[in-house]
Every structure is written in C-alpha cells, then in structure tokens.
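Everything quoted here is computed from the prediction, not taken from an experiment. Chain letters run A, B, ... following the sequence lines, proteins first and then strands; every chain starts at 1.
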Protein chains: 2
Amino acid sequence: MSSKGEKTRSDIVNSAKALFYERGYDGTSFTDIVSAAGVFRGNIYHYFKSKDDILGAVIAQHLDDYRALLAGWEAASPDPRDRLAAFADMVAAQAPALARFGCPIGSLNTELGKDRRDLQGAARALFDLFRDWLAARFGELGRDREEARGLALHLIGRAQGIAVLGHVYQDQDLLRQEAARLRDWLARL
Amino acid sequence: MSSKGEKTRSDIVNSAKALFYERGYDGTSFTDIVSAAGVFRGNIYHYFKSKDDILGAVIAQHLDDYRALLAGWEAASPDPRDRLAAFADMVAAQAPALARFGCPIGSLNTELGKDRRDLQGAARALFDLFRDWLAARFGELGRDREEARGLALHLIGRAQGIAVLGHVYQDQDLLRQEAARLRDWLARL
DNA sequence: GTCTATAAGAAGATAGAC
DNA sequence: GTCTATCTTCTTATAGAC
C-alpha cells in the first residue's frame, strides 16, 4: 500500500476514533467522518468494507495507544506502587475530557453492550489490556494470581465509576477528588 | 383523559422504558415501541409530540419507581446502616439484568451525555434522587452536610463502576463479589 | 487511488379517514 | 381515540467515471 493511501487510511481511523468518543458509535455518521478526515464520501469504502470495519480499526488503534501508555508507565518507574499510582493519576489528568465525554473505553463498551454484543466482544479487549497489566503489578506486590486479578478488576471498576460520575455531573473537581480517594486506597494496600 | 387513553399511554411508556434500557435510546425505533406496546404507528403522536417527549415520560416513570423503592427501604428499617446496606444489596439482587444491560440509570446518562446533553440534564435527576437519599442516611450517621454528600456520590460511583464492569464482562459472579466488597466498605464506615 | 452521483432502506414525523 | 398511508430526511452502501 502506498504512503498516501496509508495516510488517508490513518486520517479516517483517527477522525473516527475522536468522533466515536465524542458522539458515540451510533451517533457518528459517515458524513461526520469524511468531513473531519477531509476525504470524499464513497472513498471510505476503498479502505473499509463497512462502518463496523472502521470500528475494528479504531479499537486496534486504541489498543496501540494504550499499550504505548502502559509502556511509558513501566519506563517511568520500576516500583509497582508508582506504576499503580500512574493509573489513578491518569483519571485526574484526563478530568476535562472525562467530564465532557466519559471514559473512551467504558462508554464505548456500554454503548456496544446494549445491542451490538458482537462488537462489544472486540471492545472488551481494551478492558482486558488494563486488567492484565494491573494484575501483573499486584502480582509484583506479592499477591497471588487470583487475588491480583480480583484487585485489578476492582481498580478498573473504581475508575469506571469515577468516570461515569464525573461525566453525569460534568464535574472536574469531583473527578479529581475521587481520583485522590483512589490513590489513598492504593497507598493503603 | 379517559381510562382507556390512560392505559394506552402507560403501555407506550412502559414498553419504551424497557426498550430504552435493553437497546438504548437511539437504538430503539418507533416500530420497536409500537410493536411492544401493541398500538398503531401514528397513534403514538396522539399521546406524545416527539421521541424526546416519550423519553421525558420514561424518566418520570423511573423517578416514580425509584421513589417507591427508596420508600420501601425506609419502611423496612429505621437504622441508617440497614438502609445503606439495602443499596449495596440491590446491586447483587439485580445482577442478571446488570450483566445483560448495565445500570438503567447509568447507561442512559452515559448515552445521552455524549450528544444529547439537553436530555441528559433530565436524566441526571435520577442520580440526584439517589444522591440526596444516600446523603440523608450518612447525615443520620452523624456526618456533616458536605461530607455526607461526598460519601453519597462516592457510593453511587462505586455502584456505577461495578455495573459497568459486570456489563462489560457479563459476569454475575463478579457483580456479587464487588457488591460484597461494597457492603464491607459500608460496614467499616 | 480520487471523486461524484445515487441507490436502497430505515428513521421520525404528519395528514386525514373513520 | 383508532388506524392507514405517506412525506421528508438521514443513514449506510454501491456504481462507475476519471
């Protein structure tokens, strides 16, 4: 595939990624995507065979992005406590976007889980990514496999709840207060 | 308004309430609603002026339902700890529906918060209802006004996070485990 | 690989007979 | 208040010239 084709394709994916987050999957039309990406209507079908296919590419892009984020946290400190704290700090750092649009991963799964369970199966991989990474950190803290997994899921759930709350009330301060509570809980473990 | 008209209207509202929960607001069509309610297509416009108008009635019905639920919890025990425990127990009791469709209140707010912020303002009243009721219970436990409100929001956030987690993984056991953790947290307060 | 035109269907909403 | 027929708009998707 040519370099220009690659760029057009990634323009489409990145525009769709932002729009799916801001307006939801069903709330985003092809017109929205082509306008944002600066490509022509029917042209999308040269790169993707359907809207669902675009979502698959968007999820893959999210996975790449979050893998890079996690790698950055690992590079920043070898201490598992620092790495877990980075997760809680992300909630506070993302407060503006969370208040406006909710969690990119959680809100996508919530939408797809309603009536597109086939697609939600793919989106769930984003939860799996964080669950496995967090479980590995709890393992480094001496927890056994099952307990580490339980703590990882609990931590993800806490973050999801904070994101829902902050989105419903569109309140960045609330997000930061709850993120601080989460840091405290992690510090006491 | 006649008795028959009242029944037709409430049939539409209750069908829409169930469908909006199971398929989402945008994912539910007029065809879905009239089929479930057993009324005729254009007939809906005799009772509601738009789809958004139906949602308003659905939210009002939810408010009525949850006010009755809270009144039942108050009638069951005068102890604020029992009443708070009833909230955590609801999460476990609703595990099957939560695993399939998520939280009726949370998923509705998450969907509307994306691109229908006007409607989300109305749906937020459902969060307010629980927040104020829970804050009153924490007040009964001796917490001052601001702290009681913060604890109430925290508790709602915890429940929302559990619901998202259980919905994403469609796992009733996970919902019950996390509900037990929530009960423990309440008992230690 | 780029761009225009349009098909095919589903959506919300309306008109009007009964 | 019930029921049928239809309008308009928007959606995803396709055909085909360049």
Test item: side-chain donor near acceptor, Arg23(A) and Ser29(A), under 3.5 Å
no
Flag for Gln177(B)-Arg181(B): side-chain donor and acceptor within less than 3.5 Å:
no
Considering heavy-atom distances to DNA chain D, does Asp32(A) or Phe40(B) have its closest nucleotide positioned more toward the 5' end?
Phe40(B)
Asp118(A) with Arg116(A): basic N within carboxylate O range, under 4.0 Å
yes
Here the distance between atom P of dT12(D) and atom NE2 of His46(A), to the nearest Å, is 20 Å
Output yes when at least one side-chain N/O atom of Ser29(B) is less than 4.0 Å from OP1 or OP2 of dA10(C), else no.
no
So Tyr45(A) and Phe30(A), would you call those rings parallel, tilted or perpendicular, with 30° and 60° as cut-offs?
parallel
Quickly work out the Lys51(A) NZ to dG9(C) P distance and round it to whole Å.
19 Å
Should Tyr25(A) and Asp52(A) be marked as a side chain to side chain donor-acceptor pair (under 3.5 Å) after you check the CA-CA gap, both sets of side-chain angles, and the distance that decides it?
CA-CA 9 Å; Tyr25(A) 178 63; Asp52(A) 290 358; 2.5 Å; yes
Please give, in whole Å, the distance from dT4(C) C1' to Ile44(A) CD1?
15 Å
Starting from P on dA13(D), measure out to CG on Asp53(A) and report it in whole angstrom.
10 Å
Applying a 4.0 Å non-hydrogen cut-off, can you work out what Tyr45(A) is touching in the nucleic acid: base, sugar-phosphate, or nothing?
base
Both Phe30(A) and Val39(B) contact DNA chain D. Taking the nearest nucleotide for each, which residue is further toward the 5' end?
Val39(B)
From dA13(C), dG1(C), dT4(C), nucleotide with atom closest to Arg41(A) side chain:
dT4(C)
What is the separation between atom CD1 on Ile12(A) and atom C1' on dT2(C), rounded to the nearest whole Å?
12 Å
Whole angstrom value for the distance that separates C1' of dG1(D) from CD of Glu6(B):
13 Å
Ignoring backbone atoms, test whether Thr8(B) places a side-chain nitrogen or oxygen under 4.0 Å from the OP1 or OP2 oxygen of dT2(D).
yes
Measure from CG on Asp26(B) to C1' on dA10(C) and round the result to the nearest Å.
12 Å
May I have the distance from Arg116(B) (atom CZ) to dG12(C) (atom C1'), rounded to whole angstrom?
12 Å
